[in-house]
K.L.:
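Once you've had a glance at the structure underneath, I'll fire off some questions.
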Amino acid sequence: LSGNPDTLDPHKTSGTLTFQTLKSVYDTLVEPDQEGKLVPALAERWEVSGDGKTWTFYLRKGVVFHNGDPLSAADVKATLERVKDEETASPNRNEFEPIQSIETPDDLTVVLRLNEPWSPLIGTLGSGWGAILPKSLIDSGHDFASQPVGTGPFRMTEWVRDSRIVLEKNEDYWMKGHPKLDKVVMNIIPERAVQVQGLITGEVDVSYIIDEEDVPVLEDSGEVTVERNPTSLILVMAINCSDPVLSDLRVRQAITQAIDKQKVLDVVYGGGNPIATFMDYGNAYYKDFTDLYPYDPDKARSLLAQAGVGDDVVLEMALPQNYPPHVKAGEVYQEMLTDVGLNVEIKLVDWSTWISDVYRQAKYDLTVIGHTGKLDPHGTLANYGREDKYVRWVNDECAQLIDKAAVTSGFEARKKLYDQALEIMAREAPFMFLGTSLRRVVYRNNVVDFRMTPSLDTFDFRWTDLK
């Protein structure tokens, strides 16, 4: 891992590091398979009424939580009520709001009644923030933030901050024959050189955040295999649109046109595809707007002159120091923005500060981050156009299109609405949309079947073994 999870409570974060850890500890009602299709998990099947407002889930028999409690419909109800509760303060609470009532006609049946049809629901239930917790521990006020308890393939037995997270095999896991490993140790290693050396010496078996520059020395070692796969990341430079300078569209457009996107992708992220709106390149809902604001430093200078913005205006760029590629990208952005006349100062912050100050309180001017994919486009786009998102960009038309798409059925009908919303985001530029990168996963030659979950970029160790 590149840093510490901000919490191990799946209902109280949007942090990728948390969900990468907790995929092994918790299960969800449904989950994506290797092609990204949603398939049964804790629910062995489900039904949806003709009007789309009643969803019935039938739970597996014999599933047991790590504390010994048998899984029942009461646990699912308590979990969903916890996420919906305002006191939980879940950043994903809005995704569960359409659930009007939760019924448990028997121990293994859960009926969700919605106040309107809600196409994104199944994607929400299959995501990390849909993790099912035991009712007994919810009721007792258990500290899930540091002691997660789920039904997953591994139990968490140790978390030493800045060092490691230790997971041990759940012998009672419901998927027979899995997991194959007895133990998984997630080492927290933000330093590139330490990761690379660990892979070569065998102290590290797998890393998924390898820089392209380090690939030759790894391949030359003969000890590892390097795989390059497209991610589901939306790489961005986020812009705080509530800032008096950055509220001017001309300035945001200038920032976008000052950046040579392909160069940044190649130099920093090891390749990828440029994008120009808030959707990952390989997504079925993606639409290309890269011709709208192409790389043009002269145009960027002209726009800044029109806006009356010179190097007397200082913009602070907050960079998450535990993600070296984002830090490196920030340094390249700083050069490119300086070249068109902007004065940008870099501020390095740790991950917990980035989450609390930048993401939750919008205490920044510019920042660099990658948004992980979601199982439904609503998970990516929900609430953009409203003031509570960290870019503080307000556009009622865009927000209403996103809302309408969520209650619309059918891919084609939804895509028409998302196309319109994504075009508004492209034109309004609340982000400098960079692209979707390639991922370099490197593993020792004795590692078999290491998997990452499509769209969510989490680790699925159930299948992994050592030769």
K.L.:
Between Lys61 and Leu108, is there a side-chain heavy-atom distance shorter than 4.5 Å?
P.N.:
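Sidechains of Lys61 and Leu108: in contact.
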K.L.:
Please assess Thr109 against Phe57 for the test side chain to side chain contact (heavy atoms under 4.5 Å, CB included), listing each intermediate value before the final yes or no.
P.N.:
CA-CA 6 Å; Thr109 306; Phe57 293 87; over 6 Å; no
K.L.:
Output every pair passing side chain to side chain donor-acceptor pair (under 3.5 Å) with a member in residues 228-237, not counting sequence neighbours, ordered by first then second residue.
P.N.:
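Every side chain to side chain donor-acceptor pair (under 3.5 Å) pair that includes a residue of residues 228-237, provided the two are not neighbours, is Glu212-Arg228.
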K.L.:
I'd like to know whether NZ of Lys328 has more than 12 heavy-atom contacts from other residues, nucleotides or ligands below 6.0 angstrom.
P.N.:
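Yes, because the 6.0 Å sphere around NZ of Lys328 holds more than 12 heavy atoms from other groups.
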K.L.:
Between the side chains of Asp75 and Lys77, is the shortest nitrogen-to-carboxylate-oxygen separation below 4.0 Å, so that they form an ion pair?
P.N.:
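No salt bridge links Lys77 with Asp75.
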K.L.:
Run the salt-bridge test on Asp6 and Arg360 with the 4.0 Å N-O cut-off and return the result as yes or no.
P.N.:
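Yes, Asp6 and Arg360 are salt-bridged.
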K.L.:
So, are Arg440 and Glu227 salt-bridged, with charged N and O less than 4.0 Å apart?
P.N.:
no
K.L.:
Tell me whether Lys287 contacts the main-chain N or O of Glu423 through its side chain, where contact means a donor paired with an acceptor under 3.5 Å.
P.N.:
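No; judged by distance alone, with no hydrogens or angles, the pair does not exist.
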K.L.:
Less than 6.0 Å separating the ring centroids of His142 and Phe65?
P.N.:
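Ring centres of Phe65 and His142 not closer than 6.0 Å.
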K.L.:
Under 30°, 30 to 60°, or over 60°: which ring-plane class applies to Phe461 and Phe154, parallel, tilted or perpendicular?
P.N.:
perpendicular
K.L.:
Is any NZ, NE, NH1 or NH2 atom of the basic residue among Arg462 and Asp460 found under 4.0 Å from an Asp or Glu carboxylate oxygen of the other?
P.N.:
yes
K.L.:
Passes salt bridge (charged side-chain N to carboxylate O under 4.0 Å, His left out), Asp9 versus Arg82? Steps please.
P.N.:
CA-CA 12 Å; Asp9 188 328; Arg82 181 179 191 258; 2.6 Å; yes
K.L.:
Knowing that exactly one of Tyr208, Phe19, Tyr443 qualifies, which makes a ring-ring contact (aromatic ring centres under 6.0 Å, His included) with Phe459?
P.N.:
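It is Tyr208; the other options fail the test.
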K.L.:
Quick one: which of Val368, Val332, Leu434 gives a side chain to side chain contact (heavy atoms under 4.5 Å, CB included) with Val268?
P.N.:
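Single pass found, and it is Val332.
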K.L.:
Measuring from atom CD of Gln195 to atom OG of Ser207, what distance do you get when rounded to the nearest 0.5 angstrom?
P.N.:
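Rounded to the nearest 0.5 Å, the CD-OG separation comes out at 4.0 Å.
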K.L.:
Between Glu95 and Arg93, is the closest basic N to carboxylate O distance under 4.0 Å?
P.N.:
no
K.L.:
Can you tell me how far apart CZ (Arg161) and CD1 (Ile165) are? Round to the nearest 0.5 Å.
P.N.:
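If we round to the nearest 0.5 Å, Arg161:CZ and Ile165:CD1 are 9.0 Å apart.
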K.L.:
Would you confirm whether the ring centroid of Phe144 sits within less than 6.0 angstrom of the ring centroid of His11?
P.N.:
no
K.L.:
Would Tyr364 and Trp354 satisfy ring-ring contact (aromatic ring centres under 6.0 Å, His included), going step by step from the backbone distance to the final call?
P.N.:
CA-CA 10 Å; Tyr364 76 101; Trp354 192 91; 8.0 Å; no
K.L.:
Dump the intermediate steps for side chain to side chain donor-acceptor pair (under 3.5 Å) on Thr453 and Thr458, then the final yes or no.
P.N.:
CA-CA 5 Å; Thr453 311; Thr458 53; 2.9 Å; yes
K.L.:
Relative to each other, are the rings of Tyr281 and Tyr286 parallel, tilted or perpendicular (30° and 60° limits)?
P.N.:
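Taking Tyr286 first and then Tyr281, their aromatic rings sit tilted (interplane angle of 30° to 60°).
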K.L.:
Tell me, do Asp27 and Tyr173 make a side-chain contact under 4.5 Å, heavy atoms counted?
P.N.:
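Answer yes - side chains close enough.
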K.L.:
Quick check on the 6.0 Å ring-centre criterion: do Tyr384 and Trp393 meet it?
P.N.:
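No, ring centres 6.0 Å or more apart.
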K.L.:
Please evaluate residues Asp403 and Arg386 with respect to the criterion salt bridge (charged side-chain N to carboxylate O under 4.0 Å, His left out), reporting the C-alpha separation (whole Å), side-chain torsions for both, the decisive distance (0.1 Å), and the verdict.
P.N.:
CA-CA 11 Å; Asp403 288 347; Arg386 296 197 171 94; 2.4 Å; yes
K.L.:
Please evaluate residues Thr124 and Trp118 with respect to the criterion side chain to side chain donor-acceptor pair (under 3.5 Å), reporting the C-alpha separation (whole Å), side-chain torsions for both, the decisive distance (0.1 Å), and the verdict.
P.N.:
CA-CA 10 Å; Thr124 294; Trp118 190 250; 5.1 Å; no
K.L.:
Kindly determine whether Ser136 and Asp69 satisfy side chain to side chain donor-acceptor pair (under 3.5 Å), including the steps that lead there.
P.N.:
CA-CA 8 Å; Ser136 65; Asp69 290 358; 2.5 Å; yes
K.L.:
At their closest point, which heavy atom of Leu233 faces which heavy atom of Ser437, and how far apart are they?
P.N.:
CD1-OG, 3.8 Å
K.L.:
For the residue pair Phe450 and Trp463, is the inter-centroid distance of their aromatic rings smaller than 6.0 Å?
P.N.:
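So the answer is no for these two rings.
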K.L.:
If I take atom CD from residue Glu31 and atom CG from residue Leu125, how far apart are they, to the nearest 0.5 angstrom?
P.N.:
13.0 Å
K.L.:
Show, in sequence, the C-alpha distance, side-chain angles and deciding distance for Glu158 and Arg164, and conclude whether the salt bridge (charged side-chain N to carboxylate O under 4.0 Å, His left out) test is met.
P.N.:
CA-CA 8 Å; Glu158 186 180 26; Arg164 65 188 176 275; 3.0 Å; yes
K.L.:
Hey, does Val206 have a side-chain heavy atom less than 4.5 Å from the side chain of Val442?
P.N.:
no
K.L.:
Does the side chain of Pro324 come within less than 4.5 Å of Asp211's, by heavy atoms?
P.N.:
no
K.L.:
What I want to find out is whether Lys53 reaches Glu116 closely enough, with some N-O distance under 4.0 Å, to be called a salt bridge.
P.N.:
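Judged by the 4.0 Å cut-off on N to carboxylate O distance, Lys53 and Glu116 do not form a salt bridge.
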K.L.:
Apply side chain to side chain contact (heavy atoms under 4.5 Å, CB included) to Arg451 and Gln34, showing your working.
P.N.:
CA-CA 8 Å; Arg451 300 186 183 186; Gln34 280 301 101; 3.8 Å; yes
K.L.:
Determine, stepwise, if the pair Val358 / Thr353 fulfils side chain to side chain contact (heavy atoms under 4.5 Å, CB included).
P.N.:
CA-CA 7 Å; Val358 176; Thr353 303; over 6 Å; no
K.L.:
Is Glu213 salt-bridged to Arg192, cutoff N-O under 4.0 Å?
P.N.:
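Between Arg192 and Glu213 there is a salt bridge, with a charged N closer than 4.0 Å to a carboxylate O.
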K.L.:
Only one of Lys415, Arg414, Gln420, Lys416 passes side-chain hydrogen bond (donor to acceptor under 3.5 Å, both in side chains) with Tyr418; say which it is.
P.N.:
Arg414
K.L.:
Kindly compute the distance separating CG (Leu59) from CH2 (Trp174), expressed to the nearest 0.5 Å.
P.N.:
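One gets 11.5 Å once the value is rounded to the nearest 0.5 Å.
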K.L.:
Could Asp449 and Lys467 be called an ion pair, given the rule that one side-chain N must be under 4.0 Å from one carboxylate O?
P.N.:
no
K.L.:
Side chain to side chain donor-acceptor pair (under 3.5 Å) for Asp162 and Asn4? Distances and angles first, verdict last.
P.N.:
CA-CA 6 Å; Asp162 299 317; Asn4 288 295; 2.6 Å; yes
K.L.:
Which is it for Lys263 and Leu265 under the side chain to side chain contact (heavy atoms under 4.5 Å, CB included) test, yes or no, and what are the steps along the way?
P.N.:
CA-CA 5 Å; Lys263 181 177 180 180; Leu265 284 166; over 6 Å; no
K.L.:
OG1/Thr79 to CD1/Ile132 distance, rounded to the nearest 0.5 angstrom?
P.N.:
4.5 Å
K.L.:
Salt bridge check, Asp457 against Arg439: does any charged N sit closer than 4.0 Å to a carboxylate O?
P.N.:
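Looking at Asp457 together with Arg439, the answer is yes, because their closest N to O distance falls below 4.0 Å.
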K.L.:
Testing Val236, Thr256, Ile259 one by one against Phe433 for a side chain to side chain contact (heavy atoms under 4.5 Å, CB included), which residue passes?
P.N.:
Val236
K.L.:
I want to check something: taking the side chain as every heavy atom from C-beta on, are Val63 and Pro70 in contact at a cut-off of under 4.5 Å?
P.N.:
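In short, these two side chains do not touch, never coming nearer than 4.5 Å.
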K.L.:
Looking at CD of Glu81 and OG1 of Thr88, how far apart are the two atoms once the value is rounded to the nearest 0.5 Å?
P.N.:
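That separation rounds to 10.5 Å.
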K.L.:
Between Leu456 and Gly373, what is the shortest heavy-atom contact and its length?
P.N.:
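In terms of heavy atoms, the two residues are closest at CD2-O, 3.8 Å.
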